[in-house]
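Because only heavy atoms are used, hydrogens play no part in the values below, and waters and symmetry mates are left out as well, while side chains stay in. Just so it is clear: chains get the letters A, B, ... in the order the sequence lines come, proteins before strands, and each one is counted from 1.
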Amino acid sequence: MAASTLEAMHGPVRCPHGCSILPPDLLRRIARNGNRRQREAALDTLGLDHTLRASRATLELLGGPARRGLFGLAGAIKQRTVYDADHTETLPGRVVRSEGAAAGGDVEVNEAYDGLGATFDFFAQAYDRNSIDDAGLHLDATVHYGQRYDNAFWNGRQMVFGDGDDDLFNRFTISLDVIGHELTHGVTGDEAQLVYLGQAGALNESLSDVFGSLVKQYVRRQTAEQADWLIGEGLFTAKVHGVALRSMKAPGSAFDDPVLGRDPQPANMSGYVRTSADNGGVHTNSGIPNHAFYLVAVALGGYAWEKAGRIWYDTLRDRRLKPTATFRQFARLCVQNAEHAFGAHERDAVTAAWSEVGVAADA
Amino acid sequence: MRIQFRVDGGFAALPGFNAPVSIECDTLPPAREAQLRDLVQRADFFTRPEAQAGAPMPDARSFTITVDDGPRCRTMTVHEPIGDPALRDLVAEVRGEARKARERR
């Protein structure tokens with residue numbers, strides 16, 4: 001009913017993958033100015049959108065000071081809560097560690113708590129960002145999710161970690177960059193809302209790898225040259241022939257295993273994988289922008305979060321970045337933001353890096 | 001009964017590991033085949049309405065299951081997190097069989 005009402009007003013409102021085509025701003029206007037039926041339809045559609053921005057919009061329209069009420073006004077103070085699902089798939093589970101509580105004996109709980117803190121500190125100190133939504137969002141994570149659960153994901157409001165399968169995958173809290181990766185999905189959802197499909201989806205994935213890796217580098221105080229540029233190191237058990245899930249330095253080289261197969265990531269547009277699987281290969285083609293970032297970071301040297309990371313962060317927040325952005329559109333904004341923030345040397349380094357991965361970033 | 005199974009996405013998103021697998025249930029031990037049949041039935045697989053997919057959640061997986069049982073055949077895609085316990089049990093057990101089938105290849 002919600003969809004049909006809005007379709008009558010604005011044509012089709014949902015893409016084949018279920019994501020809302022109408023932007024939240026338009027839905028907000030409909031909900032604010034439409035009749036009762038239109039208002040309900042808009043609120044229903046906003047409610048199906050799992051982004052923080054849509055959540056805030058919905059709650060604001062329901063009449064409350066949503067940002068304050070749901071997310072809290074914590075200033076730049078961390079507010080972490082780790083939950084235990086006790087091997088069920090019910091979220092969020094029971095609270096097992098709140099902000100300021102001492103570490104206990106549960107490794108996953110402690111890793112999640114520390115990883116949330118490291119990611120919060122990284123964004124706050126490197127980019128003056130107050131949590132995922134830049135408004136002090138409380139950081140929630142659930143561990144021990146499901147039975148032999150070999151995945152981690154961001155559900156639009158919190159992080160979810162499985163313990164691995166006791167066979168090929170270790171616990172998903174083991175790798176700090178995995179935690180940074182998942183939380184960055186929250187940042188991307190709040191800023192650019194890149195659709196999780198095709199090149200925009202691969203950019204969404206790549207941004208999570210970029211900032212996930214930078215969180216790790218920031219904690220270790222590693223320069224671009226010193227960093228391993230691996231994503232998910234330690235996630236594989238000893239049975240697997242591989243060092244990590246992905247390599248930003250050398251996409252396609254992270255693993256080669258009889259059971260898991262070979263790392264499929266390309267480092268260049270010549271290897272771009274056209275597929276309907278995985279929302280258009282978002283975890284595969286992310287190797288291309290991942291490698292572009294690595295090339296920029298190494299070319300500029302020093303701590304990667306200071307220049308390369310700043311350029312990518314400015315681009316993520318750039319209002320010209322469309323939710324359906326292509327690699328080329330993203331790359332062009334990177335070039336412009338590099339020049340704006342730093343100058344010609346950095347602009348040329350960014351242009352060269354994107355060119356090396358087969359993306360023409362010049363105008 | 002034949003079950004075809006495919007995994008899509010996930011943080012790891014391993015195309016080789018996620019490739020489609022076909023499980024010939026008639027070749028399984030009778031007790032295991034009966035268990036899978038029971039799970040298909042309890043999940044109301046052939047008649048349940050397919051849940052509406054929301055916006056894709058980053059790194060969440062989807063599982064596509066086809067059950068071909070003589071005159072009845074249906075393909076359904078299930079997205080994480082799976083709310084229905086019966087459907088969750090079916091996906092978990094089919095995943096286990098798929099992994100064994102993959103390792104036998």
Please check if the number of heavy atoms outside R2(B) that lie under 6.0 Å from its CZ is greater than 12.
no

Within 6.0 Å of CD in E24(B), more than 12 heavy atoms from elsewhere:
yes

Atom pairs and distances, donor-acceptor, side-chain atoms in residues 195-203 of chain A, under 3.5 Å, two or more places apart:
residue : atom : partner : partner atom : Å
Y196(A) : OH   : E205(A) : OE2          : 2.7
Y196(A) : OH   : D59(B)  : N            : 3.0
Q199(A) : OE1  : F327(A) : N            : 2.7

Any sub-3.5 Å donor-acceptor pair from H283(A)'s side-chain atoms to G9(B)'s backbone N or O?
no

Tell me which of these, [options], has more heavy-atom pairs under 4.5 Å with chain B than the rest.
{"options": "L168(A), V160(A), T188(A)", "value": "L168(A)"}
{"options": "G146(A), G261(A), A152(A), G232(A)", "value": "A152(A)"}
{"options": "V273(A), D167(A), N204(A)", "value": "D167(A)"}

Going by heavy atoms in the side chains, are [X] and [Y] under 4.5 Å from each other?
{"X": "R88(B)", "Y": "T88(A)", "answer": "no"}
{"X": "F11(B)", "Y": "F172(A)", "answer": "yes"}
{"X": "V259(A)", "Y": "R99(B)", "answer": "no"}
{"X": "E80(B)", "Y": "N155(A)", "answer": "no"}

What part of [X] lies closer than 4.5 angstrom to a heavy atom of chain B: side chain, backbone, both or neither?
{"X": "R262(A)", "result": "neither"}
{"X": "V178(A)", "result": "both"}
{"X": "L260(A)", "result": "both"}
{"X": "L91(A)", "result": "neither"}

Point-to-point distance, once rounded to the nearest 0.5 Å, from [atom1] of [X] to [atom2] of [Y]:
{"X": "L14(B)", "Y": "D263(A)", "atom1": "CG", "atom2": "CG", "answer": "9.0 Å"}
{"X": "D278(A)", "Y": "N18(B)", "atom1": "CG", "atom2": "CG", "answer": "8.0 Å"}
{"X": "Q147(A)", "Y": "D89(B)", "atom1": "CD", "atom2": "CG", "answer": "9.5 Å"}

Nearest heavy-atom neighbours spanning [X] and [Y]:
{"X": "Y145(A)", "Y": "P81(B)", "result": "OH-CB, 3.3 Å"}
{"X": "E182(A)", "Y": "P58(B)", "result": "OE1-O, 4.3 Å"}
{"X": "A12(B)", "Y": "N151(A)", "result": "N-OD1, 4.5 Å"}

Identify whether the distance between the nearest side-chain nitrogen and carboxylate oxygen of R61(B) and D150(A) falls below 4.0 Å.
yes

